[in-house]
**Student:** 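One structure is given below, represented as structure tokens, and several questions about it will come after.
Remember, it's 1-based here, ligands and their atoms both numbered in the order they're listed.
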Amino acid sequence: MLGQKIEEAFNEQINKELFSGYLYLSMSAYFLSINLNGFASWMRVQALEELTHAMKFFDFINERGGRAELHEAKAPQKEWESPLAAFEDAYEHECFISNCINDLVNLSLDEKDHASNNFLQWFVSEQVEEEASVDEVAQKLKLIGGDGGGLFLVDQELAQRVFTPPAAAK
Ligand code: OFO
């Protein structure tokens with residue numbers, strides 16, 4: 001049985017994961033608008049991953065006898081001044097999500113909920129990857145500066161990313 005505090009906090013996290021998906025889909029639309037289709041495709045895959053993160057919380061809440069709830073979705077930012085600015089925002093957002101996951105881990109320890117703690121460990125590892133993958137692209141964009149040829153090559157590289165559902169990926 002899921003305690004009320006954990007249930008509420010996990011429902012909040014569903015909202016945050018869905019917002020992550022919303023934000024990355026908005027970034028995908030921004031990249032399409034400036035003809036960087038590889039960047040757009042990468043962000044679209046990222047958005048799909050975020051949906052699977054939300055679904056993990058959704059399923060876990062239900063499995064533990066709780067009730068998953070969907071809260072209001074806030075509108076994401078629409079425009080960025082450059083591809084680098086978008087990836088820097090994505091990195092900042094992932095650091096925020098990592099902090100949220102850490103707070104949930106602390107709550108699970110306070111509540112002595114070891115099943116939830118065990119469930120959250122997947123997200124602890126996932127956040128290391130999430131931060132690293134967006135930061136890697138941000139660093140490349142810093143290296144190439146405003147060089148159009150470099151941007152073209154990174155766009156081609158990012159186009160290669162494909163969506164892999166988490167269960168199949170592990
Ligand atoms: Fe769900 O990891 Fe990104 O936000």
Side-chain angles (χ1 to χ4, degrees), residues 2 6-32 36 38-64 66 68-80 83-109 113 115-141 154 157-170:
L2 207 54
I6 297 267
E7 182 176 327
E8 281 171 9
F10 279 17
N11 273 319
E12 269 308 307
Q13 192 61 30
I14 290 179
N15 187 264
K16 287 172 183 158
E17 299 290 347
L18 290 176
F19 177 76
S20 301
Y22 233 38
L23 177 64
Y24 297 140
L25 204 51
S26 184
M27 287 183 180
S28 182
Y30 157 71
F31 284 121
L32 284 173
L36 287 173
F39 280 82
S41 169
W42 195 97
M43 278 298 175
R44 187 186 175 102
V45 171
Q46 187 70 16
L48 287 171
E49 267 198 12
E50 297 300 349
L51 181 60
T52 68
H53 294 172
M55 292 311 296
K56 271 181 179 281
F57 279 98
F58 184 97
D59 290 339
F60 184 79
I61 291 168
N62 283 297
E63 206 175 356
R64 298 281 312 283
E69 280 176 13
L70 299 178
H71 302 157
E72 194 172 357
K74 123 181 133 167
Q77 187 173 332
K78 230 175 108 177
E79 299 291 346
W80 284 268
L84 176 59
F87 269 86
E88 283 180 335
D89 276 4
Y91 179 68
E92 198 179 309
H93 182 71
E94 286 308 325
C95 292
F96 164 72
I97 293 292
S98 298
N99 285 334
C100 295
I101 296 294
N102 288 339
D103 288 345
L104 292 177
V105 171
N106 290 337
L107 180 65
S108 73
L109 292 174
D113 183 344
S116 290
N117 184 273
N118 186 50
F119 164 76
L120 288 166
Q121 295 311 310
W122 184 90
F123 284 92
V124 172
S125 306
E126 177 69 6
Q127 282 310 120
V128 174
E129 276 179 39
E130 290 281 87
E131 286 184 26
S133 65
V134 286
D135 189 45
E136 189 186 323
V137 180
Q139 294 309 322
K140 277 183 188 163
L141 289 170
V154 177
E157 185 192 323
L158 296 189
Q160 305 306 313
R161 185 182 185 191
V162 290
F163 173 64
T164 312
K170 302 286 164 191

**Student:** By atom name, which N, O or S atom belonging to E130 lies closest to atom 3 (Fe) of ligand 1?
**Tutor:** OE2
**Student:** With a cut-off of 2.8 Å, does E50 put an N/O/S atom close enough to atom 1 (Fe) of ligand 1?
**Tutor:** yes
**Student:** Quick check on contacts: which atoms of ligand 1 are under 4.0 angstrom from a heavy atom of E17?
**Tutor:** 1 (Fe), 2 (O)
**Student:** Counting the benzene-type ring for Trp, do F39 and Y30 have ring centres under 6.0 Å apart?
**Tutor:** no
**Student:** Please state whether the rings of F60 and F10 are parallel, tilted or perpendicular, taking 30° and 60° as the class boundaries.
**Tutor:** tilted
**Student:** Answer yes or no: is there an ion pair linking K140 with E157, defined by an N-O contact shorter than 4.0 Å?
**Tutor:** yes
**Student:** Below 3.5 angstrom, do we get any N/O pair linking Y24 and ligand 1?
**Tutor:** no
**Student:** Check each atom of ligand 1 against the heavy atoms of S20 and keep those under 4.0 Å away; list them by number with element.
**Tutor:** 4 (O)
**Student:** Does the ring center of W42 lie less than 6.0 Å from the ring center of F87?
**Tutor:** yes
**Student:** What atoms in ligand 1 come closer than 4.0 Å to a heavy atom of H53?
**Tutor:** 1 (Fe), 2 (O)
**Student:** I would like to know whether E49 and R161 meet salt bridge (Lys or Arg N to Asp or Glu O under 4.0 Å); could you show each step before the answer?
**Tutor:** CA-CA 12 Å; E49 267 198 12; R161 185 182 185 191; 3.2 Å; yes
**Student:** For ligand 1, note which part of K16 has a heavy atom under 4.0 Å away: side chain, backbone, both or neither.
**Tutor:** neither
**Student:** Look at the N, O or S atoms of E94, main chain and side chain alike, and state whether any lies under 2.8 Å from atom 1 (Fe) of ligand 1.
**Tutor:** no
**Student:** Taking the non-hydrogen atoms of E49, is any one of them nearer than 4.0 angstrom to ligand 1?
**Tutor:** no
**Student:** Taking E7's backbone N and O only, do any of them form a donor-acceptor pair with N11's side chain (distance below 3.5 Å, no angle check)?
**Tutor:** yes
**Student:** Just verifying a value: how many Å separate I101 CD1 and E94 CD, rounded to the nearest 0.5 Å?
**Tutor:** 9.5 Å
